[in-house]
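These notes are about the structure you will find just below.
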Amino acid sequence: MKISTLLAQAGSRRDPHTGAISMPIHPSSAFQHQALGQSTGFDYSRTSNPTRLALEQTMAALEGGARAVAFASGLAAIDATLRLFSPGDALVVTEDLYGGSFRLFEHFGRAQNLRFIYTDSSNTQETARALAAPGVRGLFVEMPTNPMLRVADLDALADLARPRGITFIVDNTFLTPALCKPLEHGADIVLYSATKYLGGHNDLVAGLAVARNAETGERLAFVQNAAGAILGPFESWLLLRSLKTLPLRMQKHEENAKAVAQFLLGHPKIQNVRYPGLPSDPGHERLLRQSLGAGAMISFEAQSRDEVERILASVQVFFFAESLGGAESLLTYPLVQTHADIPPDTLEHIGLNERLLRLSIGLEDAGDLVQDLAQALG
Ligand SMILES: *Cc1c(COP(=O)(O)O)cnc(C)c1O
């Protein structure tokens, strides 16, 4: 089945008792046993819940993975993945990554005695050198990166990781399986902040981990049950409902993003527009070898910090807010919002300065979005 068919019917045909087309929400925490040794497959909802399972099975089918596991947030999914490693292990990590992931690695990963080697994952040679360091057991990549939107070559990185037995993890939050399926490019685990495009409406916090093989899937499910950061049945249902429109939404997000990026590119007060959907972007061709599209995250530089303040105060259609991937377009100031936990020398190294703004392009009319930016830029 094609992705749109799979998703349009996500969670359907699962309730033979009633024929419900929408997956029922099962809030039950416990499930009755008919006799000793007999179970419906459900015992206790931390371990497994029918609504959550419908979501997890949809995601596993969508990604072509053996198993998907749903968590209370994207960071809970990343935290569970870190728990697959042992004290002393090192992970090579994209240096230009979501600030919350960095905070998790530096505070709790380090406390777990893991080591993190930050590299420019869009530079395959640099990443290869980092992977050759002793004790490296994991490679954690965001593609495209956040907020500089650099594009890694997933196939090349997988070819480096595989012979060394290194677990290759991709945070695919920005592209979603509607555009890119990292397992098909050699990843072992795909992670999502489902709060973003998968949820798509700025009304839900959720995370997902999808494993290529059954053994890794089992281990993630063990962490989910043992540590307990599960996604609840109501949110699981809401996410299933959202997934039905994912392919349509991604198309419209991208159509809008292309129009906004073109406008920014031609604006005299704007520099360094980064959007891998632009043919002039250094990651454009590489991205299109791995993805059906570029998504709808754009970053650019204003002329000064004062100008940034003026833009943030002047937008009327965009919201000045810290998230992405929803119907509503958001404007984020990474330096003080999403990336506040990244140390100054790393920020400088990756080029994240006080003039950088990030846009999450929503589902509004493209003309209205362009006009709003035009008036905010004066
Ligand atoms: C938001 C985000 C996360 C964290 O997800 P939460 O759902 O906020 O916990 C992780 N990775 C990326 C790329 C994100 O944008």
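Counting begins at 1 with the first residue of the sequence. Just the heavy atoms: all of them, side chains too, but no hydrogens, waters or symmetry mates, feed the values below. Both ligands and their constituent atoms are indexed starting at 1 by order of listing.
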Is there a polar contact, in the sense of an N or O pair closer than 3.5 Å, between V205 and ligand 1? no
Check this for me: E348, atom CD, are more than 12 non-hydrogen atoms of other residues, nucleotides or ligands nearer than 6.0 Å? no
Looking only at protein heavy atoms, what sits closest to atom 4 (C) of ligand 1 is Y98 CE2, 3.4 Å
Residues in salt bridge (charged side-chain N to carboxylate O under 4.0 Å, His left out) contact with R164, at least two apart in sequence or another chain: none
Examine V370 and L359 and state if one hydrophobic cluster contains both, with Ile, Leu, Val, Met, Phe, Trp and Tyr joined whenever side-chain heavy atoms are less than 4.5 Å apart. yes
Of all the non-hydrogen atoms in the protein, which one sits nearest to atom 7 (O) of ligand 1, and at what distance? T195 OG1, 2.7 Å
Look at the rings of F105 and F116 and say which category their plane angle falls in: under 30° parallel, 30 to 60° tilted, over 60° perpendicular. parallel
Can you sort out which atoms of ligand 1 are near A206, meaning under 4.0 Å from one of its heavy atoms? 7 (O)
Output yes when the distance from some N or O of ligand 1 to some N or O of S193 is under 3.5 Å, and no in every other case. yes
Examine ligand 1 and decide if any of its atoms is less than 4.0 Å from a heavy atom belonging to L324. yes
Nearest 0.5 angstrom please: L208 CG to T173 OG1, how far? 9.5 Å
Location of contacts on A194 toward ligand 1, heavy atoms closer than 4.0 Å: neither
Residues, nucleotides or ligands: over 12 heavy atoms within 6.0 Å of E126 CD: yes
Side chain, backbone, both or neither: which part of T173 has a heavy atom under 4.0 Å from ligand 1? side chain
Which residue and atom name correspond to the protein heavy atom nearest atom 1 (C) of ligand 1, and how close is it? K196 NZ, 1.5 Å
Just by distance, with hydrogens left out, do R14 and Q57 show a side-chain donor and acceptor under 3.5 Å apart? yes
Residue G74 vicinity, atoms of ligand 1 by number, heavy atom under 4.0 Å: 5 (O), 6 (P), 7 (O), 9 (O)
Closest protein heavy atom to atom 11 (N) of ligand 1, given as residue, atom name and distance to 0.1 Å: D171 OD2, 2.7 Å
Salt bridge R67-E218, side-chain N to carboxylate O under 4.0 Å: yes
Identity and distance of the protein heavy atom lying nearest atom 9 (O) of ligand 1: L75 N, 2.9 Å
